[in-house]
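Quick notes on the structure that follows.
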Number of protein chains: 2
Amino acid sequence: MTTSVRQTRPPQPTLEMVAEVAGVSRATVSRVVNGSTRVGPEIVAAVTTAVEELNYVPNRAARSLASRQTQALALVVPEDMTRFFGDPYFAAVVQGITRRLDQSDFTLNLLVASSDPQHKTLRYLRSGNVDGALIISHHTGDDFVAELETTMPVVFGGRPANADNLEAYFVDVDNAAGADLGTQRLVDLGRRRIGTVTGSADMPAGIDRLTGFLRALERAGIPTDAVEHGDFTVQGGAAATRRLLERCPDIDGLFVASDLMGTGALDVLREHGRSVPGDVAVVGFDDSPAATRGSVPLTTVSQPSEEMGFAMADVLLRRLADDADDDDDDDDDDESVPHRTIMPTRLVLRESA
Amino acid sequence: MTTSVRQTRPPQPTLEMVAEVAGVSRATVSRVVNGSTRVGPEIVAAVTTAVEELNYVPNRAARSLASRQTQALALVVPEDMTRFFGDPYFAAVVQGITRRLDQSDFTLNLLVASSDPQHKTLRYLRSGNVDGALIISHHTGDDFVAELETTMPVVFGGRPANADNLEAYFVDVDNAAGADLGTQRLVDLGRRRIGTVTGSADMPAGIDRLTGFLRALERAGIPTDAVEHGDFTVQGGAAATRRLLERCPDIDGLFVASDLMGTGALDVLREHGRSVPGDVAVVGFDDSPAATRGSVPLTTVSQPSEEMGFAMADVLLRRLADDADDDDDDDDDDESVPHRTIMPTRLVLRESA
DNA sequence: CTGTGCTTTGAGAGCGCTCTCACGAATTGT
DNA sequence: ACAATTCGTGAGAGCGCTCTCAAAGCACAG
């Protein structure tokens, strides 16, 4: 019985100790632990027994120092904590990433880089804590990204804002096709006076969705003047809808670039005495929980957030694997990992259109 | 202009390189980088210049190997991803932890240990990735905790399930007192047929809140049979409320062990045509954003989730600091870090009761 | 019996850092 | 004045692991 207040924790077993117990060399234990095939079966057995007996777990720091890799990835989210936790989109993406990572032995480090001075995040990443980074919800102002890219492989979720960056790897949803799809639904419904509330004009997702909307209308030979800009918030969506209704009181179809804005639009429509989908059919985008929270369940363009997360992790892992192979033969071998991965969208029919 | 497909990343500068540029020894650079005061001012300047010139960032793995500590903590959440992201409680706790950590130079590793074989998580922790662990939402079945505690300092958020563990450090809210407070509100309102939807029976928070509820009812001389078990989810709360209504259609007061379940209860109550607080007064627990999201703003027992996170990190950091000091003088110095930290609750009056 | 080629194993050199120790210089006491 | 102490600095030994390289073992051909 120890009366000492603070019991010293037993030191973790080391490779050396395992080697001694198994009666082999350190190198051999390392081979067994790392699953090398070129080791005699009875030696494998002896080592395995020793490992279990000592309850040995390799030390990450040592391994990482020697092998110059960490088996860890970072997910960087330049967003504040509240926003991050509040948005189901992030939950889905993280879920997808971990699903992919569970198949490997990489681990994930979540970096919600909110208010905190981003230099701290950058420092963390640069100190060799991870082999690569995943970046989502990246805003135009986030310049630390450029520096990060010189340090390690990076994969974006969503097309990066600076268009000049053709070297960037990213996974995105086909926003234009999705918007086209959603708009086409309105056309198919026989609507002929169709407007849109766009997303932020300075974000790729906002721009691309407008592009898709215009494409669908032009194809149908419908005038494309009923466009009002929103900003991906409920309030912004409501205001844009109000302006639209004033300018084009006769609209009978409305494509809103996000479900969140869609709920704002729904409120304004009802406030103006328009029935949905009777007077005005409405299509949203995202298929977020917000879609079903409003007065009328929104028909919406669904994007595969979970799959996006999975794909992001997959692309990064493949880049990492490629880098590892290309030790000697660095000639023009065929590019195996695509720079851009575009995910499909699909229409989810509910009541609003 | 390089046509090579894959540009090799420049190697990170090392201490050695900085030493050479500054014209001093490796040891001295280390001293400057780690802020030792016992270095001549002009040497500090020379080193600082060299560090900036080379854009040097210390390598974590090497530092951690040599110093035998990582400057990182883990937050272990034995819960699935959906649950974790869905509950604002976790967001608040994480926020509190990071607020404390921002004052130190520790970093946080989030381990949402859901479905994933917990051995992977345990392995990760045991491979020396972190100096200590924070555990929240810990269920009775989670036995890996015992093993973890032999490896590193652990601090719990919420009283740990196994009561025999008197050595455990934890931060908890006074759940029983809070539940008592909330239930008393219903009594004060003149309600005489009061029921409850409990939390998970395998979690101390669930148990303690039930205890407080029962205590308040017994004190008021009210029967304590209207108890239904929930599981801290919206669906579970709704189901429990439905059962309760069926069994005791005459209840006029309801204490729900979490706001999330409270919103579920509110829905069911409305669906059964009961007005709140008219027919049934409802009191929740947590004071989470969910409290104001339902049809009726919930009167609720507020617990300082963010403060709890802060306190947890604080306790762990202090334990770590203590361990570091106790190299030589290990005599019976007074216990500076308390094993248990109990935070107060308070009642927040809104419309539901 | 020697030579060739293959496979299995061990020895040992780092990976980038911290930390102890020793040494010379500067400071103080007597 | 010289011994004693302090202070700033560098040398060097690891931390626990990986990985290259060479040695040892073995098979088979000549």
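As the structure is a computational prediction, the values presented were derived from the model and not from experiment. Note on naming: letters A, B, ... go to the chains in the order of the sequence lines (proteins, then strands), and numbering restarts at 1 for each one.
- Computed from coordinates, the B:Asn59 CG to D:dC17 C1' distance equals 14 Å when rounded to whole Å.
- Within the structure, every side-chain polar atom (N or O) of A:Arg63 is placed at least 4.0 Å from both OP1 and OP2 of D:dG16.
- Residue B:Ser25 places at least one side-chain N or O closer than 4.0 Å to OP1 or OP2 of D:dG10.
- Counting only N and O atoms by type, the side chains of B:Asn59 and B:Gln12 include no donor and acceptor under 3.5 Å apart.
- If you measure from atom CD of A:Gln71 to atom C1' of D:dC17, you get 14 Å, rounded to the nearest angstrom.
- Under the 4.5 Å side-chain criterion, counting only non-hydrogen atoms from C-beta, A:Asp102 is in contact with B:Lys120.
- In this structure, A:Gln69 places its CD atom 21 Å from P of D:dG16, rounding to the nearest Å.
- The CE atom of A:Met17 sits 15 Å away from the C1' atom of D:dC17 (whole-angstrom rounding).
- Comparing D:dC15, C:dG10, C:dT18 by their closest approach to the side chain of B:Leu15 singles out C:dT18.
- As a whole-Å value, the separation of A:Asn129 CG from C:dG16 C1' is 14 Å.
- For B:Arg38 and D:dG8, the shortest distance from a side-chain N or O to OP1 or OP2 is below 4.0 Å.
- Side-chain atoms of B:Arg26 come within donor-acceptor range of the base of C:dT18, with a qualifying N/O pair under 3.5 Å.
- Distances were taken from every side-chain heavy atom of B:Ser67 (C-beta onward) to each of C:dC19, D:dC19, C:dC15; the shortest belongs to C:dC19.
- The A:Ala66 side chain lies nearest to D:dC17 when the options are D:dC17, C:dC17, C:dC19.
- Between C:dT18 and B:Ser30, a contact under 4.0 Å exists linking OP1 or OP2 to a side-chain N or O.
- Comparing A:Thr28 and B:Ala62 by the nucleotide of DNA chain C whose heavy atom lies nearest to each, the residue mapping closer to the 5' end is A:Thr28.
- For C:dT18, the OP1/OP2 oxygens have a side-chain nitrogen or oxygen of B:Asn34 closer than 4.0 Å.
- With D:dT9, D:dC17, C:dC15 as the choices, the nucleotide that has an atom nearest any side-chain atom of B:Val39 turns out to be D:dT9.
- Minimum atom distance to the side chain of B:Arg31 is reached by D:dT9, of the listed D:dG12, D:dT9, C:dA11.
- Shown are A:Leu101, A:Ile97, A:Asn109; of these, the side-chain contact (heavy atoms from CB on, under 4.5 Å) with A:Leu73 is made only by A:Leu101.
- Rounded to an integer number of Å, the gap from CG of A:Leu65 to C1' of D:dC19 is 14 Å.
- Rounded to whole angstrom, the span from the CZ atom of A:Arg60 across to the C1' atom of C:dC15 amounts to 17 Å.
- Closest to the side chain of A:Thr14, from the set C:dT9, D:dC17, C:dG16, is D:dC17.
- Separation of the A:Phe85 and B:Phe84 ring centroids falls under the 6.0 Å cut-off.
- A heavy-atom distance below 4.5 Å is found between the side chains of B:Pro160 and B:His138.
- Side-chain N/O atoms of B:Arg68 and base N/O atoms of D:dG14 include no donor-acceptor pair closer than 3.5 Å.
- Other residues, nucleotides and ligands place no more than 12 heavy atoms under 6.0 Å from the CD atom of A:Glu20.
- Atom CD in A:Glu20 sits about 15 Å away from atom C1' in C:dG10, given to the nearest Å.
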